[in-house]
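Written out below as structure tokens is the structure these notes cover.
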Amino acid sequence: MMIDRYSIALFLVLSFLVGVLDASAGDSDPRYRACVAQCEKTGCVGERCFPHCKFPSDKVAIGGPWYMQEPLYLKWKQWDCQSDCRYNCMSDREKEREALGDGPVKYHGKWPFRRVFGIQEPASVAFSALNLAMHFHGWLSFFILLYYKLPLKQDKKAYYEFASLWHIYGLLSMNSWFWSVVFHSRDVDLTETLDYSSAVALLGYSLILAILRSFNVKDEAARVMVAAPFLAFVTTHILYLNFYTLDYGWNMKVCVVMGVAQLLIWTIWAGMTRHPSRWKLWVVVIGGGLAMLLEIYDFPPHQGFFDAHALWHATTIPLTCLWWSFIRDDAKFRTSNLLKKAK
């Protein structure tokens, strides 16, 4: 829903700011840097050694055939020698800091998370997967309502004029949360680009949908005229991010403008409409705004799992359920009105 995408916009803003400030307190620590440097030379952190550390950072093999350098499953997940060295040195350094009574610090722009089965941020992955499941359930229930419960036209099409738009929205939402799962599983350049690109695509489309629904634009030609400039801009922006440069500052501005614009549109519409389910829209708007406090108030992960961003992912789960409930109610409301006019 719109608030969901606005939340993603704020998440992107904070992520981009973090990305720019790559040098964090943790990776500036001389003891951490010395540990990583030693590990990359020896392949060991303390008594823990990594069999795939058969080559230094320049990827030139130290010895042995190519198939001994790194297991294929680790190549696929892109956990290389440097990543394992950083993770284990970070873990040891955080234990030392905890023993001294010091709190966690960020390393390379990220809080120290505990891996689970190789997953980088397990809580965010789990909550992102639940959001994906909620969007799938919401879209599927919307589909069943339209074509199996509500009356259909003679050509078997739904009376609800915005049905196709919400179908596209559902698919883009599921795509966005899928890449969120992948990105939080392993943060590399490819997963970062796919996550940001899918979020931008959904933000842009959600803005179009907010305009079309709030202004009740039903004519296809009018819809094309409204959507065309937005689609052109969003497509160009995504191509720019993927094939020119991932400009965090510019992308931040784009996401904030699109997110705030649709937030205002839905808020004004909720205040003016007499829609019977407008209270659901208000709950989602207010709930989404409160959830944003978790993104603003950043704090380290509890027990290495639950940070502010992970909890924000958790709060969007019930909001997503309520949002799809509003969409179903809107379909019922519009269909009922159209049938009354047809009599």
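Residues take their numbers from the sequence shown, with the count starting at 1.
Residues F113 and F305 place their aromatic rings such that the two centres sit no closer than 6.0 Å. Aromatic rings of H167 and F142 (six-membered ring for Trp) have centroids within the 6.0 Å cut-off, being under it. Between F326 and W323, the ring centre distance stays below 6.0 Å. Taking the six-membered ring for Trp and the full ring otherwise, the centers of W279 and W282 sit at least 6.0 Å from each other.
The main-chain N or O of Q38 is found under 3.5 Å from a side-chain atom of T42 such that the two form a donor-acceptor pair. Judged purely by atom type and a 3.5 angstrom limit, S176 has no side-chain atom pairing as donor or acceptor with the backbone of L172. Between the side chain of N175 and the backbone N or O of L171, no donor-acceptor pair lies under 3.5 Å. Between the side chain of Y205 and the main chain of L165, a donor-acceptor pair closer than 3.5 Å is present. Remark: side-chain polar atoms of D187 are not paired, donor with acceptor, to backbone N or O of F183 under 3.5 angstrom.
In this structure, Y196 and Y248 have side chains that are in contact, with non-hydrogen atoms separated by less than 4.5 Å. V284 is not listed as a side-chain neighbour of K280, based on a closest heavy-atom distance of 4.5 Å or more.
A cation-pi contact, defined as under 6.0 Å to the ring centre and within 45° of the axis, is absent between R334 and Y160.
Within 6.0 Å of OH on Y147 lie more than 12 heavy atoms contributed by other residues, nucleotides or ligands.
In this structure, Y148 and F143 have tilted ring planes: the angle between them lies in the 30° to 60° band.
Salt bridge status for D92 with R48: present, with a side-chain N to carboxylate O gap under 4.0 Å. Residues R115 and E121 are not paired through a salt bridge, judged by the lack of any N-O separation under 4.0 Å between the basic side chain and the carboxylate.
Taken as a pair, C44 and C39 fail the criterion of an SG-SG distance shorter than 2.5 angstrom.
Once rounded to the nearest 0.5 Å, the distance linking OG1 of T316 with CG of L322 reads 13.0 Å.
One hydrophobic cluster, built from ILVMFWY side chains closer than 4.5 Å, holds both F215 and F162.
Looking only at atom types and distance, the side chain of W111 has no donor-acceptor partner in the side chain of H309 under 3.5 Å away. Of the N and O atoms on the side chains of D329 and H275, not one donor lies less than 3.5 Å from an acceptor on the other residue.
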